[in-house]
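Below is one structure, written out as structure tokens; the observations come after it.
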Amino acid sequence: MGLTGGIGSGKSTAAARFVERGAVLVDADRLAREVVAPGTPGLAEVVEAFGPSVLDADGALDRSALAAIVFGDPAERDRLNKIVHPLVGARSAELATRAADDAIVVQDTPLLVEGGMGARFPLVVVVHADAEVRVRRLVEHRGMAESDARARIAAQADDAARKAAADVWLDNSGAPEALTAAVDGLWDGRLVPFADNLLAGRTAPWRAALVDPDTRWPAQAARLLARVAGAAGEPGEAVAHVGSTAVPGLPAADVIDLQLGVQTPDAAAVHEGVGEVGFVSCGFNEGEPGHVRGPSARCYASADPGRPAHLLVQVTGSRSWRQVLLLRDWLRADAAARASCLQTKQRAAADSGGDLYRYAQLKAAWFDRAVPSAEAWAASSGWAPSLVNAYSTGSGVDAP
């Protein structure tokens with residue numbers, strides 16, 4: 001998992017508690033010092049970029065001198081990050097691969113959000129504290145001048161950017177014991193089950209029960225889309241938020257559905273890649289009810305008990321790939337179709353007794369019957385599927 005938070009938020013305190021609970025910690029701050037230690041290629045690159053004035057009398061990096069250059073100038077800070085981030089990333093990956101198969105690896109990455117690194121992790125945890133709390137901590141505990149503390153905070157990502165990246169938001173504005181309790185709850189309730197599920201190749205459970213539309217679904221889907229798109233690599237062409245949670249205003253089972261378009265659904269890179277971001281194979285039977293699926297489709301599901309999700313991998317341009325996108329967009333556009341779909345789902349949820357297979361079976365017939373109406377809408381509206389990677393509430397196009 002990726003762990004991040006602004007300066008003075010208490011991220012290091014959270015990291016220490018994760019270690020006490022048994023995590024393997026990869027500390028990006030420590031590695032950032034290691035990769036620019038005297039005699040390293042990293043230090044040579046920094047000196048080439050910023051000049052010899054960033055060295056102290058012993059030839060080591062003078063961090064205060066470098067900070068004076070980069071913290072007030074976004075362009076200079078970006079130049080430094082382009083040197084250091086790849087080096088830290090490579091070293092982090094090396095250390096993570098050394099961990100035991102059943103380990104929970106916490107990558108403490110202060111600039112995870114600023115560097116756009118969230119999609120690399122199956123889970124991102126953000127430690128938060130209000131800005132004034134952070135300023136007070138930096139002044140009282142680190143001896144910073146208040147103006148310096150505020151400048152450091154302003155140079156980092158804002159709360160909105162961190163919230164967009166966060167699967168878990170740990171508020172540390174209060175007493176230290178509250179953060180400890182939050183870390184313990186996350187460890188026991190989500191991280192350990194997530195790790196156990198991955199190790200066993202087991203999907204996270206979910207309930208065949210409808211819930212009201214959740215305003216968090218689009219952001220949750222966006223994070224999953226970014227992970228799957230990055231993990232699929234070259235074999236993946238487009239990933240989209242589909243299913244009922246992608247239809248604004250429609251009650252749904254609390255499961256995020258995604259579809260990935262590929263040229264070859266059996267591509268080993270896809271299977272390995274989605275496993276790296278928390279998805280495991282859920283098997284596939286050609287006659288199984290549920291999504292519109294082609295005979296060569298592959299189905300995955302998240303192992304994360306905190307965010308159930310399904311991933312359908314289908315050949316781009318195939319009939320079934322197209323119909324999944326069509327049914328989503330038709331339901332977005334047609335209020336009567338949404339109402340009919342909801343009635344069917346409500347009956348299926350009531351009659352299934354919580355059995356997931358039965359629930360899928362009961363609602364599948366409605367989708368089969370709906371295809372001609374959806375096709376008629378497509379013909380009259382000029383609808384065509386999109387290959388854009390992301391989410392929106394628009395027609396046929398998912399945006400980041």
Side-chain angles (χ1 to χ4, degrees), residues 217-218 221-222 224-226 228-229 231-248 250 252-253 255-267 270-271 274 279 282 284-301 309-338 340-341 344-345 360-361 363-400:
W217 283 340
L224 292 170
L225 290 170
V228 170
E234 289 299 323
E237 294 186 287
V239 61
H241 184 195
V242 297
S244 296
T245 61
V247 180
L250 182 63
V255 183
I256 300 293
D257 289 311
L258 309 174
Q259 177 173 257
L260 171 66
V262 296
Q263 287 296 321
T264 306
D266 289 323
V270 171
H271 182 81
V274 299
F279 283 83
C282 57
F284 173 71
N285 298 313
E286 188 170 341
E288 183 178 330
H291 279 299
V292 179
R293 295 167 175 166
S296 61
R298 294 294 176 265
C299 178
Y300 299 86
H310 292 158
L311 172 64
L312 187 62
V313 180
Q314 302 209 83
V315 175
T316 303
S318 65
R319 178 174 177 271
S320 53
W321 170 87
R322 177 183 176 279
Q323 284 186 357
V324 169
L325 299 174
L326 169 60
L327 288 168
R328 177 201 63 185
D329 292 346
W330 172 58
L331 287 171
R332 286 175 173 177
D334 192 315
R338 289 196 301 275
S340 176
C341 178
T344 298
K345 289 158 68 74
Q361 190 176 44
K363 68 175 185 174
W366 184 91
F367 285 97
D368 290 340
R369 294 194 304 271
V371 169
S373 297
E375 291 288 3
W377 170 80
S380 65
S381 65
W383 175 89
S386 171
L387 281 177
V388 176
N389 292 342
Y391 176 92
S392 81
T393 58
S395 57
V397 178
D398 278 341

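The analysis underlying the following values was restricted to heavy atoms, covering all of them including side chains, and did not include hydrogens, waters or symmetry mates.
Distance CG/Leu326 to CH2/Trp377: 6.5 Å, rounded to 0.5 Å. Here NE2 of His310 is found 10.5 Å from OG1 of Thr245. Values are rounded to the nearest 0.5 Å. We find the CG-SG distance between Leu311 and Cys282 to be 8.5 Å, quoted to the nearest 0.5 Å. The line from CG of Leu250 to CZ of Arg332 is 11.5 Å long, rounded to the nearest 0.5 Å. Of the inter-residue distances, the one linking Ser381 atom OG with Asp329 atom CG reads 9.0 Å to the nearest 0.5 angstrom. One distance of note links CD of Gln259 with NE2 of His241; it measures 12.0 Å at 0.5 Å rounding.
Listed by chain and residue number, Trp366 satisfy the side-chain hydrogen bond (donor to acceptor under 3.5 Å, both in side chains) test with Ser340 (two or more places apart in sequence, or in another chain). For the side-chain contact (heavy atoms from CB on, under 4.5 Å) test, residues two or more places apart in sequence or in another chain that qualify with Ala231 are Val277. By the side-chain contact (heavy atoms from CB on, under 4.5 Å) test, Ala337 is found to be paired with Trp330, Leu331, Asp334, residues two or more places apart in sequence or in another chain being considered. Qualifying side-chain hydrogen bond (donor to acceptor under 3.5 Å, both in side chains) partners for Arg322, counting only residues two or more places apart in sequence or in other chains: Glu375.
With a 4.5 Å cut-off on side-chain heavy atoms, Leu260 and Tyr300 do not count as touching. You'll find the side chain of Asp257 stays beyond 4.5 Å of the side chain of Leu312, heavy atoms only.
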Does the pair Val315 and Trp321 meet the rule for a side-chain contact (heavy atoms from CB on, under 4.5 Å), with working shown?
-> CA-CA 7 Å; Val315 175; Trp321 170 87; over 6 Å; no
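For the residue pair Val247 and Arg328, the shortest heavy atom distance occurs at CG2-O, 4.0 Å. Closest heavy-atom contact between Thr316 and Gly261: OG1-C, 3.0 Å. Minimum heavy-atom separation, Ala297 to Gln314: CB-OE1, 3.7 Å. Of all the heavy atoms in Val270 and Ala232, the pair that sits closest is CG2-O, 4.4 Å. Counting all heavy atoms, side chain and backbone alike, Ala240 lies closest to Leu225 at C-CD2, 3.5 Å.
Between the side chain of Arg338 and the backbone N or O of Pro248, no donor-acceptor pair lies under 3.5 Å.
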